[in-house]
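Okay, structure first, notes after.
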Amino acid sequence: QVQFMESGGGEVQPGGSLRLSCVASGYIFGVGDAMGWYREVPGKERKLVAFIEHGGKTMYLDSVKGRFSISRDSAKNTTYLQMDNLKPEDTNVYYCNAGHYAEGRYFPRAGYWGQGTQVTVSS
């Protein structure tokens, strides 16, 4: 059974940092695969924040470039999202997803989601 478990969310003040983790179990990360972090405000569509593909290529949402960094530890089957200089507009539930990478784009897999972790940025 494939499972993804996010952790690391919390409440921080503007300018603070958090590191989110997504541990995958029962999932083999292979060529053509990618891991993505999404965020969602209730009532709105989930938005792709960052992804990392099997070869190491990364992509970021424009509003988080220079502040967020995605990485992966293959030995631990864990994907991280380091979030620095957090802003109130970064307040969301963050989800990880295992998807495909092709032609420079990320394609999420249905059913390959974690349960989400809440990030709140507030003074």
Side-chain angles (χ1 to χ4, degrees):
Q1 182 179 0
V2 176
Q3 288 187 323
F4 301 92
M5 183 67 69
E6 301 100 334
S7 63
E11 184 169 354
V12 296
Q13 294 185 339
S17 297
L18 287 171
R19 188 175 81 156
L20 306 183
S21 300
C22 173
V23 179
S25 58
Y27 177 71
I28 298 174
F29 189 70
V31 175
D33 291 336
M35 291 297 299
W37 281 99
Y38 282 73
R39 65 188 184 187
E40 177 182 299
V41 174
K44 296 188 178 180
E45 186 178 357
R46 282 184 192 181
K47 183 174 289 187
L48 181 62
V49 175
F51 74 77
I52 182 166
E53 59 91 22
H54 185 268
K57 180 179 177 62
T58 59
M59 184 286 290
Y60 299 92
L61 185 67
D62 283 348
S63 61
V64 307
K65 284 180 180 177
R67 300 189 297 120
F68 290 13
S69 178
I70 188 170
S71 62
R72 180 172 166 75
D73 184 333
S74 297
K76 297 181 178 179
N77 213 4
T78 300
T79 305
Y80 302 99
L81 185 67
Q82 177 67 41
M83 305 187 295
D84 298 321
N85 191 20
L86 282 161
K87 303 177 180 181
E89 52 264 39
D90 295 319
T91 296
N92 275 276
V93 179
Y94 286 73
Y95 298 87
C96 67
N97 173 268
H100 298 289
Y101 174 77
E103 299 179 349
R105 293 181 58 193
Y106 181 88
F107 298 89
R109 281 193 183 95
Y112 279 47
W113 295 93
Q115 83 292 345
T117 185
Q118 175 72 47
V119 171
T120 302
V121 185
S122 172
S123 55

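For the numbers below, each heavy atom of this structure counts, side chains included, while hydrogens, waters and symmetry mates do not.
- Contact record, Asp90 with Arg67: OD2-NH1, 2.7 Å, taken as the closest heavy-atom pair.
- Of all non-hydrogen atoms in Glu53 and Ala34, the two that sit nearest each other are CA-CB, 3.8 Å.
- For His100, the ring-ring contact (aromatic ring centres under 6.0 Å, His included) test picks out no residue, with sequence neighbours left out.
- Between Pro88 and Pro14, some side-chain heavy-atom pair lies under the 4.5 Å cut-off.
- The shortest non-hydrogen separation linking Gln118 to Val93 is OE1-CG2, 3.2 Å.
- Linking ILVMFWY residues whenever their side-chain heavy atoms come closer than 4.5 Å, directly or via other members, places Met35 and Val2 in the same cluster.
- Under the 4.5 Å side-chain heavy-atom criterion for ILVMFWY residues, a single connected hydrophobic cluster contains both Met83 and Val12.
- Under the 4.0 Å criterion applied to side-chain N and carboxylate O atoms, Arg19 and Asp84 are not assigned as salt-bridge partners.
- Side-chain atoms of Glu40 do not come within 3.5 Å of backbone N or O of Glu45 as any donor-acceptor pair.
- Formation of a donor-acceptor pair under 3.5 Å by the Asp73 side chain with backbone atoms of Thr78 is not found in this model.
- Ser21 contributes atom OG, which lies 12.0 Å from atom CE of Met5 (distance to the nearest 0.5 angstrom).
- Taking all atoms of both residues into account, the shortest heavy-atom contact from Ser122 to Glu11 is CB-OE2, 4.0 Å.
- Between Lys47 atom NZ and Leu61 atom CG the span is 6.0 Å, to the nearest 0.5 Å.
- Two different hydrophobic clusters hold Leu81 and Met59 under the rule that ILVMFWY side chains link at heavy-atom gaps under 4.5 Å.
- Remark: side-chain polar atoms of Thr117 are paired, donor with acceptor, to backbone N or O of Gly9 under 3.5 angstrom.
- To the nearest 0.5 Å, atoms CD (Gln13) and OG (Ser123) are separated by 7.0 Å.
- Tyr60 and Tyr95 are members of different hydrophobic clusters when ILVMFWY side chains are connected at heavy-atom separations under 4.5 Å.
- Among the candidates Thr79, Asn97, Leu48, the single residue satisfying the side chain to side chain contact (heavy atoms under 4.5 Å, CB included) test with Trp37 is Thr79.
- A distance-only check finds a donor-acceptor pair linking the side chain of Asp33 to the backbone of Gly30 [under 3.5 Å].
- Here CZ of Arg39 is found 14.0 Å from CZ of Arg46. Values are rounded to the nearest 0.5 Å.
- Under the 4.0 Å criterion applied to side-chain N and carboxylate O atoms, Asp62 and Lys65 are assigned as salt-bridge partners.
- When the ring-ring contact (aromatic ring centres under 6.0 Å, His included) test is applied to Phe51, the partners found at least two apart in sequence or on another chain are Tyr101, Tyr106.
- Hydrophobic clustering keeps Tyr38 apart from Tyr80 (ILVMFWY residues linked when any side-chain heavy atoms are closer than 4.5 Å, directly or through intermediates).
- More than 12 heavy atoms of other shown residues, nucleotides or ligands fall within 6.0 angstrom of atom CD in Glu89.
- When atom types are taken as modelled, the side chain of Gln3 and the backbone of Gly26 share no donor-acceptor pair closer than 3.5 angstrom.
- Within a 6.0 Å radius of OH in Tyr27, other residues, nucleotides and ligands contribute more than 12 heavy atoms.
- For the pair Arg72 and Phe29, the cation-pi criterion (under 6.0 Å, within 45° of the ring axis) is fulfilled.
- Contact of the Val119 side chain with the Asn92 side chain is not registered, since no non-hydrogen atoms from C-beta on lie closer than 4.5 Å.
- Put simply, the side chain of Ser17 reaches to within 4.5 Å of the side chain of Gln82, judged on heavy atoms.
- Taken to the nearest 0.5 Å, the CZ atom of Phe68 stands 14.0 Å off from the OG1 atom of Thr58.
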